[in-house]
Structures are given as C-alpha cells and as structure tokens.
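Remarks on the structure that follows.
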Amino acid sequence: MAPLSGGAWSTLVPMSIRPLDGVRVLELGNYIAAPTAGRILGDFGAEVIKVERPKVGDELRNWRLYGGDTSMLYRTVNRNKKSITLDLRTEAGRAIVLDLIRRSDVLLENFRPGMLEKWGLGPEVLNEANPRLVITRISAYGQTGPLSQRPGFAAVAEAVGGLRELVGDPDRAPVRTGVSIGDSIAGIYAAFGTVMALFQRERVRSDDDPEAAPIPLAERVIDVALNEAILSVMESLVPDYLAYGIQRERVGGRMEGIAPSNAYPCADGTSVIIGGNGDAIFQRYMRVIDRPDLAADPELQDNAGRWAQRERLDAAIAEWTGVRTRAQALEVLEAAAIPCGPIYTAADIVADEQYRARNMIQPFAVDVGAAEPKTVGFPGIVPVIGERSLPIRSVGPDLGAHTHEVLADLLGMPASEIDALEVS
C-alpha cells in the first residue's frame with residue numbers, strides 16, 4: 001500500500017511538518033472511535049502501534065468489505081499506523097503490552113469500562129509501569145456514573161446525546177446520518193484531550209528530573225463518553241429548553257430558527273444548498289431570484305420573521321431553482337456572493353478542483369480483491385498545515401504486518417520467541 005505521486009493526485013508536500021514526531025501511542029481500540037483518535041495522532045507524526053487480536057483483528061476490517069480481505073473503511077481509519085497482533089487474554093500478551101507501555105507516551109482504548117482492569121491492565125498498573133503515561137479511554141457513557149457499565153455503539157450515543165431526535169423530516173421517524181458521526185466526534189475529542197495532556201506533561205516537566213511525573217494519574221486519564229461527545233455539539237439544545245421551555249423538533253433540510261436555508265431542487269434533477277439567512281445576504285438573495293417584493297417585506301427583515309414564513313420563502317426559491325440547472329443556479333448565486341453549493345457525491349468530491357488543490361484526495365495502490373492492486377484515493381489530513389494537506393504515510397496496514405518489527409526492534413525479542421506467540 002505505497003503512496004503514489006504525480007498525476008491528478010499529488011502528495012508532494014513537505015514531510016518535515018509533524019508536530020507529534022517522537023510521540024509513541026499504543027492503541028488497543030477497535031471499530032471507529034479510538035482508532036479515529038489514533039489516526040489523528042498518527043496523521044501528525046505520532047508512532048501509533050495498533051494491537052489487534054491474532055487471526056481476527058479489528059472487526060472494522062470486514063465492515064463494508066466489497067473485495068479483498070481488508071475494507072477501505074479500515075484502511076482509512078487506521079492509516080499511518082503499525083499493526084501487531086497480541087492476545088490480551090493471555091499472560092504473555094499482557095506482559096508484552098506492559099513492556100510496550102514502558103516505552104510509550106499514550107495508551108488509547110475503547111473497551112467497555114472495567115475490561116482493562118479485568119485483564120490486569122487498569123490505570124494503576126499502567127501507571128506503575130510508566131508514571132508519565134497518558135491514558136485515553138473512550139466508552140459509551142464514560143468511566144463513572146450509573147450507566148458507565150452499559151455497552152453502547154455510536155447509534156445509541158447519537159440518540160441519547162440528543163442528535164437523532166433532530167435528524168429527518170418532522171412527519172417521519174428520526175433517521176441517522178450516513179456516517180458514524182458519534183464515533184468520529186468522540187475520536188476527535190479523544191485526540192484533542194490526548195494532546196492537551198501531553199502538552200501539560202511537557203509544560204511542567206522538571207529540568208532536574210525529566211522522567212519525573214509531577215502530574216497525578218487522575219489528571220492523565222482522558223475520559224471520553226460517546227453520548228457526551230454528541231451532547232457537546234448540540235449547541236443550545238439544553239439551554240433553550242431550560243430557559244424557554246423549547247423542545248426542538250425535526251425540520252428536515254432546514255435548521256431550527258434559521259431561514260431561508262435549505263436544499264432546493266433544480267431542473268436537471270439535482271439540488272443545491274443555499275444559505276441566505278443573514279440579513280444583508282437575504283436582500284441580495286431575493287433580488288437575485290427576482291423577488292424584490294420579498295426583500296422589501298417588513299415582516300422578513302430579521303431571521304425570526306423569515307423563520308415564521310419559511311414555507312413561503314422556500315416555495316419562492318424552489319420556483320426559481322426549478323427552472324435552472326444546478327450549474328446555472330450556482331453561477332448566478334456565486335456571482336452575487338450568496339453562500340451556496342452543490343450536494344456532492346463521492347464522484348463529485350474526487351473531481352473537485354478545491355479538494356485537489358489542497359491535497360485532500362491522496363492516492364495509494366491497495367488490494368481490492370482483484371488480480372492487481374488498484375489506485376484508490378483516500379481523504380487527506382485535516383487540519384491543513386503549510387497550505388496543503390500533509391501526506392498520508394501509509395493506509396491501514398495488513399493484520400500483524402509490523403509484529404516482528406515492533407517486538408524485535410522495540411523490545412529486543414528474538415524471532416523464535418515472537419514466532420512462539422503465534423501472533424503472525
């Protein structure tokens with residue numbers, strides 16, 4: 001799975017911008033949440049060693065698998081990592097984990113609370129092995145509280161966190177977004193929390209004893225709950241309820257209290273997103289669609305008034321877009337500086353000049369189950385540093401591809417001992 005350079009996708013950007021160079025992360029996570037955090041840390045230079053179950057590996061390897069033996073989902077979420085296989089149910093596997101912990105800066109995991117403790121790898125044990133270790137834990141409801149022991153995936157967290165109730169049309173049951181947004185948001189928070197803890201650790205480092213651990217264990221445990229990660233991006237959902245008794249409801253393609261902002265059908269069967277809810281923008285917007293009467297209407301001069309008449313506004317806008325192709329509508333709107341855009345498919349994203357200019361689609365030759373590897377574009381690294389996305393060093397590795405390398409080079413284990421573990 002080597003990166004490709006040149007052509008439509010270019011990965012020729014500086015390799016020196018890696019803020020987390022020298023940081024080693026041991027990832028015990030599965031699925032999406034913890035691996036997303038590990039992916040972000042790896043994107044910016046951390047050495048991420050992913051521990052997977054022998055022979056089986058992370059179940060994500062088989063999710064949305066259309067060919068070959070490893071899904072593009074796994075390749076994407078686990079890029080810039082090394083894969084080793086260890087059986088944490090065995091004493092030998094746990095001993096090796098502790099040896100790796102002594103040489104790591106971060107432990108990242110998303111097991112159900114209590115699982116690490118059950119294996120004898122709880123925070124106190126890890127802290128004894130490495131008093132400077134940052135321990136980042138992701139779970140459904142967090143490590144404490146009455147629901148902490150309850151299992152849960154992102155679908156449940158999105159519901160409990162308040163998101164699911166707001167997604168979809170008001171006359172239908174709530175729907176889910178098309179990606180595991182709860183896992184991804186939790187992973188982003190976990191990566192952020194990890195970097196904060198590393199920054200704090202370095203900020204208070206003692207010059208007299210660089211290996212000292214002045215930060216208490218409790219302050220080096222980052223506890224991310226999926227439901228809380230969702231709640232944190234729900235804006236004023238709870239304050240609006242407590243202050244005004246407002247129970248927000250599903251409003252389809254709109255956003256509660258903001259108008260006009262929606263998806264509007266075009267003559268060629270596509271749709272465009274148009275956000276004309278700013279007061280000054282609204283005036284230009286209505287003139288562009290040949291409705292100066294709406295621009296002058298005193299009841300539509302602020303957002304509250306426009307929201308009250310959202311059906312009337314959306315009907316007028318849809319009448320205008322309905323006789324134009326997507327390209328025609330966007331050309332007129334963009335010329336008037338009206339926020340707008342097409343609704344992209346994957347094919348649209350791959351062809352987009354803006355993504356290409358910022359190195360946001362990066363090509364790798366990967367196994368897709370065919371006779372020869374195929375060139376596949378993967379989403380670039382966010383945020384951008386140095387004007388273009390940093391290059392992805394490698395996509396998600398084959399199962400156990402780095403077991404011998406890591407255990408031999410990092411722990412000095414002989415090949416015969418590694419083979420005896422039956423981890424390859």
Side-chain angles (χ1 to χ4, degrees), residues 23 25-41 48-51 53 58-60 77 88-89 93-94 97-98 100-101 104-163 180-201 213-234 238:
V23 172
V25 178
L26 191 65
E27 180 187 301
L28 304 184
N30 292 292
Y31 304 115
I32 296 177
T36 293
R39 185 209 77 195
I40 294 170
L41 299 174
V48 181
I49 300 172
K50 181 178 179 68
V51 178
R53 291 173 294 174
D58 187 333
E59 289 184 33
L60 208 65
V77 175
L88 300 185
R89 297 169 299 180
R94 293 191 294 270
V97 165
L98 285 176
L100 291 171
I101 285 295
S104 299
D105 299 282
V106 177
L107 174 77
L108 181 59
E109 64 98 0
N110 62 344
F111 296 112
R112 190 189 305 187
M115 185 59 71
L116 281 187
E117 289 81 354
K118 178 182 177 181
W119 286 335
L121 295 173
E124 291 75 16
V125 175
L126 299 175
N127 186 61
E128 186 176 343
N130 183 351
R132 290 173 49 78
L133 184 71
V134 173
I135 303 170
T136 300
R137 316 187 74 175
I138 306 177
S139 59
Y141 298 98
Q143 302 296 316
T144 60
L147 299 184
S148 61
Q149 299 301 307
R150 184 177 295 181
F153 278 164
V156 178
E158 292 160 20
V160 175
L163 177 63
S180 297
I181 193 72
D183 282 323
S184 296
I185 292 173
I188 293 169
Y189 273 118
F192 176 60
T194 299
V195 171
M196 282 198 302
L198 289 171
F199 176 77
Q200 174 73 345
R201 191 186 73 173
I215 303 175
L217 172 61
E219 296 178 23
R220 284 182 282 113
V221 176
I222 308 302
D223 181 0
V224 179
L226 295 177
N227 67 309
E228 293 168 356
I230 290 295
L231 177 62
S232 72
V233 297
M234 294 308 298
V238 170

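These values consider heavy atoms only, across backbone and side chains, with no hydrogens, waters or symmetry-generated copies.
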Could you tell me which residues satisfy side chain to side chain donor-acceptor pair (under 3.5 Å) with E128, sequence neighbours excluded, listed by chain and number?
-> none
Looking at side-chain heavy atoms only, is the closest gap between V23 and L41 below 4.5 Å?
-> no
Heavy atoms of A197 and I222 approach each other most closely as CB-CD1, 4.0 Å
Nearest-0.5 Å distance that lies between atom CG in L28 and atom CG in L108 | 8.0 Å
V238 vs L231 side-chain heavy atoms within contact, under 4.5 Å = yes
Any salt bridge (charged side-chain N to carboxylate O under 4.0 Å, His left out) pairs touching residues 180-191, not counting sequence neighbours?
-> none
Residue pair Y141 / V156, side-chain heavy-atom distance below 4.5 Å = yes
Cut-off 3.5 Å, no hydrogens considered: what does the side-chain donor-acceptor table look like for residues 144-151, sequence neighbours left out?
from	atom 1	to	atom 2	distance (Å)
S148	OG	G145	O	3.0

Under 4.5 Å between any side-chain heavy atoms of L163 and M234, yes or no?
-> yes
Quick one: are L226 and I138 in side-chain contact, heavy atoms under 4.5 Å?
-> yes
Residues passing the side chain to side chain donor-acceptor pair (under 3.5 Å) test with T36, sequence neighbours excluded, are none
From CG (L26) to CG (L98), nearest 0.5 Å | 10.0 Å
Distance-minimising heavy-atom pair for P113 and G142 = CG-O, 3.6 Å
Residue from V134, L121, I101 passing side-chain contact (heavy atoms from CB on, under 4.5 Å) with L107 = I101
Pairs touching residues 221-230 that satisfy salt bridge (charged side-chain N to carboxylate O under 4.0 Å, His left out), sequence neighbours left out = none
Value rounded to 0.5 Å, distance of CZ in R220 from CZ in R201 = 8.5 Å
Distance in Å, I181 CD1 paired with I32 CD1, rounded so as to fall on 0.5 Å steps = 10.5 Å
What distance separates L88 CG from M115 CE, expressed to the nearest 0.5 Å?
-> 10.5 Å
Could you pull out all residues at least two apart from Y31 that satisfy ring-ring contact (aromatic ring centres under 6.0 Å, His included)?
-> W63, F153
Student check: side-chain heavy atoms of S139 and E109 closer than 4.5 Å | no
When L126 is tested against each of L217, L133, V221 for side-chain contact (heavy atoms from CB on, under 4.5 Å), which residue passes?
-> L133
Pairs in or reaching into residues 26-39: which pass salt bridge (charged side-chain N to carboxylate O under 4.0 Å, His left out), with residues at least two apart or in two chains?
-> E27-K50, E27-K81, R39-D43
Kindly determine whether W119 and V125 satisfy side-chain contact (heavy atoms from CB on, under 4.5 Å), including the steps that lead there.
-> CA-CA 10 Å; W119 286 335; V125 175; over 6 Å; no
Check: S104 main-chain N/O paired with N130 side-chain donor or acceptor under 3.5 Å = yes
Taking only residues two or more places apart in sequence or in another chain, which ones pass ring-ring contact (aromatic ring centres under 6.0 Å, His included) with F192?
-> none
Not counting sequence neighbours, which residues clear salt bridge (Lys or Arg N to Asp or Glu O under 4.0 Å) with R94? List them please.
-> none
Here the gap from E117 atom CD to Q143 atom CD, rounded to the nearest 0.5 Å, amounts to 7.0 Å
Sequence neighbours excluded, the answer for salt bridge (Lys or Arg N to Asp or Glu O under 4.0 Å) partners of E219 is none
Sequence neighbours excluded, which residues qualify as side chain to side chain contact (heavy atoms under 4.5 Å, CB included) partners of I188?
-> I40
Which atom names give the shortest non-hydrogen contact between N110 and G29, and what distance separates them?
-> OD1-CA, 3.1 Å
pair P35-D58: side-chain heavy atoms closer than 4.5 Å = yes
Only counting residues at least two apart or in another chain, list the ones meeting side chain to side chain contact (heavy atoms under 4.5 Å, CB included) with A159.
-> R164
